[in-house]
Amino acid sequence: MTSFRTELASPQPGRGSLPARAHLRSDAPRQSLDGTWRVRALPGGDWSEVRVPGHLPLQGHGSPIYANVQFPFPVDPPHPPDDNPVHEHRREFEADPAVLAHPSALRFEGVDGAATVWLNDVELGTVRGSRLTHEFDTTDVLRAGVNVLVVRLAQWSAHSYLEDQDMWWMPGIFRSVTLLARPSGGLRDVFVHTTYDHRDGSGTLRVEAGSDAVVTVSVPSLGRDDLGAGQTHHFRSVRPWTAETPSLYDVRVHTPAEAVTLRIGFRSVHVDDATLMLNGRPLLLRGVNRHEHHPLHGRTVDLDTARAELLLMKEHNINAVRTSHYPPQADFLDLTDELGLYVMVENDLETHGFELNDWRGNPSDDPQWHDAYLDRMRRTVERDKNHASVLFWSLGNEAGTGVNLDAIAEWTRQRDPERLVHYEGDRRSLHVDVYSRMYATTGEVERIGAFTEPEDDHRRELPFLLCEYAHAMGNGPGGLSEYQELFHRYPRLAGGFIWEWVEHALHGGTTDDGRTIQLYGGDFGETVHDGSFVIDGLVHADRTPGPGLADVARVFAPVGLTIDAERSTLTIVNRYHSLDLSHLDAGFPLPDVPAGATATIPLKVPSTTPSTISLRDRADGREVAWTQHVPPRPPATIVPSAVPSPDLRLGPAVFDPRTGMPVRLGDLDLHDVAVSLWRAPTENDRGIGWEERDLPSMADRWSAARLADLRTRLIDVTADGAALVVRTRSGPPVIDAGVDAIWRWTSDGAALALDLTIEPYGQWPCEWARAGVDLRLDRPTTRVTWAGWGPGPQYPDTGQGARYGTFTAGRDEFAVRTVRPQEHGARRIDDATVDLGGIGVRVRGVDVPLTVRPWSRGVIAMTGHDHELPIATSTWISLDAATSGVGTASCGQGVLPAYRLQPSAQRLRVILQQH
Ligand code: GAL
């Protein structure tokens, strides 16, 4: 045990493994060792069963820890803490005779933690690099009959300092373990090089193969089955690989002893004039960052799930994935080749926790870690080097700067000059092929696109991408369109990758009343943790889409459509990389618009009804792009006929003389009708926008101003003809600012119309979250039906995916539930009915933001998890004159100025009616 422990503090890479090589599909025999293993804690634990692949803490051995930047142990490199869970895994198996007939190797595709491996009491070596493949020679150790494989795994080691990615710390053998026959005279490695020449449609193929035998390459669909390895072969005409046209060619590389099959693509990626180019044409990345995550199985994600994820991405016009922040399971890249997504494969490397210590001792700049860095990068590149979809190698994430990063950049460039090197942390862009940043504000991105930022000559030659932006945490991301417009405007901007694809909530069982419990940092008793910051994806942990995904689909649409009703035209911009529009069906003949071109055609749109143009893929009917022209609607009105009675009745309504507020609408009791300026802070409201780092978060500003605690004074109630006019003044305690409201109520006998004006007074210390009216009904709602914008919610800087129509949503869908409760779900309505079970309330207006939910804002703001929200007994409704945007200040820029709600005069016109 001593030497095992001592070695954990070594900054050296693992030892004893075979040279890193490509993950190949070979016809050599193999034997899976996945399945049930035995495990015990050391020292002295009892044996129990465990599933491999899997994480120990998700199977009853220890607990997950979620920490983002901060290391959950003292920063004392290269030493791990003494408090270090160690588990021994054991698997007994009968060797398959087909494997035994050859030399053999044992392959681990992912062992989270630091491991030493023994087979039949012979130590094979150590594994360092949790998301990296390690193979060990087992030729002389594997025996007929029963073999005993032992893997001793420590959670913490020197290498933990290199694996500080923003995710759960969860040790375990979480990817497959396989025994591979390695036939003599077989293929040690294969490296396929292809190019595509867009000028004449030709391609080249060169296969480097490591073997002691003669290697033959065949490409049946190009009519060649006799190509030699090592030479460059020209093909006069090939179909290029792009994410839009993922044309793959089956290639067989073989020796008399072994054959491997690959699916290769012809394509060339390079930089030209500060523009990212694929096959000679500019390439725009509409990407997402993808972690491997499953709510039950952690980073063990089966391929069917991965395929479904990629299909969901493609369905939403996403064309690129950054494998943040480690190489994904190897087979994932077969899927991106086949389905068509551009990939940035990232090395398994992050040392972000050193930033909290001013980067003192950062391994990136300490030569004793050089070999470990090189080993990680090498394993990354070697494993995945044959994939057409991989355009970039990323050196890692947030690892500061230093000689070891410089060294692995150089190694990568030499080993694979045909792909581009990426590393966001290289702010001088000395060792990279693209200038990359994360969360840069739209203002800065625009300056970079326009070359108006001070930059040196070298960096000016590089295209720019955002390896992370639009932090999709909770209600949001706000402001996606503004980034996209810049990407479209400036050729230097190659797009980027939204942070992030999937939320990392862990399943915590179900409540007694059957609600799913989703857990985040701190829920496992961690003392160092980052709370809900791990819940920041476009799709939930179970892959059900959050509302942001529909917005992404619209913003990422590869065809831009703009209706000009006045001129009666439709402008079509083809933003595909290389496709024309012939695969799209518009319901009318589309003009010929080649990739990159724009056309304007005549289009008459009705002046009173909405019209929608929708482009669908002829192959699968999927809607690729759409636009709508929605003519302005006149305000909803009634003809006032009722007159206010002296006891404050008006049509169906009864008013409380003490407050001037309606307390009854037909058979419905109305409660707590009041002006409101607050919302239950979103995750973005709780963050500090990068453009105003010295200010408190919006949520804190609201809280300092006590925005949630408006107190109202009735000024007077008067009759003005058929109108009941109520004047109130509302303001928070402590300060001398507030709002004056004039509530003008009229009725036609059945409905109650409100024309409300809100006017700020005093010096407001903060912007508002919203300006509108809250009310409560003492019955729970079941569903909402509306004409207006939907099906998803809309805030001023979100909801690009919402269109005008009629919709119905169940209560939970309308309220939009998030793992951590927060403001969400506003729909802009013209006519909505909130169903309260046999009775309802109807609301009419024009574009009125409506929120409906079974909890008060106060309860939402105080509740940490969705499953902790109380059972619905009432319904809270808000009708707004205006709302603030949501931005992405949880990590990135806040609400853009145009979408902020400054204290200002507001007017709300709505008609309420019992339904
Ligand atoms: C970035 C980091 C990501 C993630 C994100 C915030 O700085 O690279 O891993 O932490 O911020 O969610």
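Heads up: numbering here begins at 1 and tracks the sequence. Side chains included, hydrogens not; waters and symmetry mates left out as well; all remaining heavy atoms used. Whatever order the structure lists ligands and atoms in, that order sets their numbers, starting from 1. Just so it is clear, the structure is predicted and the values come from calculations on it, not from any experiment.
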Check: What do we get for D536 next to ligand 1 when only non-hydrogen atoms under 4.0 Å count, side chain, backbone, both or neither?
Finding: side chain
Notebook entry, point to check: Between E468 and ligand 1, which residue portion shows a heavy-atom distance shorter than 4.0 Å: side chain, backbone, both, or neither?
Noted result: side chain
Notebook entry, point to check: Which atoms of ligand 1 sit under 4.0 Å from any heavy atom of N397?
Noted result: 2 (C), 8 (O), 9 (O)
Check: In ligand 1, which numbered atoms sit nearer than 4.0 Å to a non-hydrogen atom of F533?
Finding: 6 (C), 12 (O)
Notebook entry, point to check: Closest approach of H55 and T300, non-hydrogen atoms and distance?
Noted result: NE2-N, 4.0 Å
Item checked: R322, M167, H325: member with heavy atom nearest to atom 9 (O) of ligand 1 -> H325
Checklist line | Test: D375 and R378 ion pair at under 4.0 Å | finding: no
Notebook entry, point to check: Does the side chain of R131 come under 3.5 Å of the side chain of N347 through a donor N or O and an acceptor N or O?
Noted result: no
Check: At under 4.0 Å between heavy atoms, which part of N68 makes contact with ligand 1: side chain, backbone, both or neither?
Finding: side chain
Margin query: Can you confirm, on distance only, whether ligand 1 has an N/O atom lying under 3.5 Å from any N/O atom belonging to E350?
Written below: no
Notebook entry, point to check: Should the proximity of M473 to ligand 1, defined as any heavy atom under 4.0 Å, be assigned to the side chain, the backbone, both, or neither?
Noted result: neither
Checklist line | E350 and N397: side chain donor to acceptor below 3.5 Å | finding: yes
Note to self: Suppose we measure from atom 10 (O) of ligand 1 to each protein heavy atom; which comes out shortest, and what is that distance?
What the structure shows: D166 OD2, 2.4 Å
Check: Is the closest basic N to carboxylate O distance between E382 and K385 below 4.0 Å?
Finding: yes
Next item on the list: Determine whether the side chains of T798 and D551 contain a donor N or O and an acceptor N or O closer than 3.5 Å.
Entry: no
Notebook entry, point to check: For R459 and R427, which heavy atoms make the closest approach, and how far apart are they?
Noted result: NH1-O, 2.9 Å
Next item on the list: Please write down residue, atom name and distance for the protein heavy atom closest to atom 7 (O) of ligand 1.
Entry: E398 OE2, 2.6 Å
Note to self: At less than 4.0 angstrom from any non-hydrogen atom of Y439, what atoms of ligand 1 do you find?
What the structure shows: 1 (C), 5 (C), 6 (C), 11 (O)
Check: Are any of the side-chain nitrogens in R128 or E163 under 4.0 Å away from the carboxylate oxygens of its partner?
Finding: no
Check: Of the backbone atoms (N, CA, C, O) and the side-chain heavy atoms from C-beta on, which set of M438 has a member under 4.0 Å from an atom of ligand 1: side chain, backbone, both, or neither?
Finding: side chain
Notebook entry, point to check: How far apart are the closest heavy atoms of L276 and P463, and which atoms are they?
Noted result: N-CB, 3.7 Å
Next item on the list: Using distance alone, decide if ligand 1 has a nitrogen or oxygen within less than 3.5 Å of any nitrogen or oxygen in H352.
Entry: no
Next item on the list: Within a distance under 4.0 Å of any heavy atom of H471, pick out the atoms of ligand 1 and give their elements.
Entry: 6 (C), 12 (O)
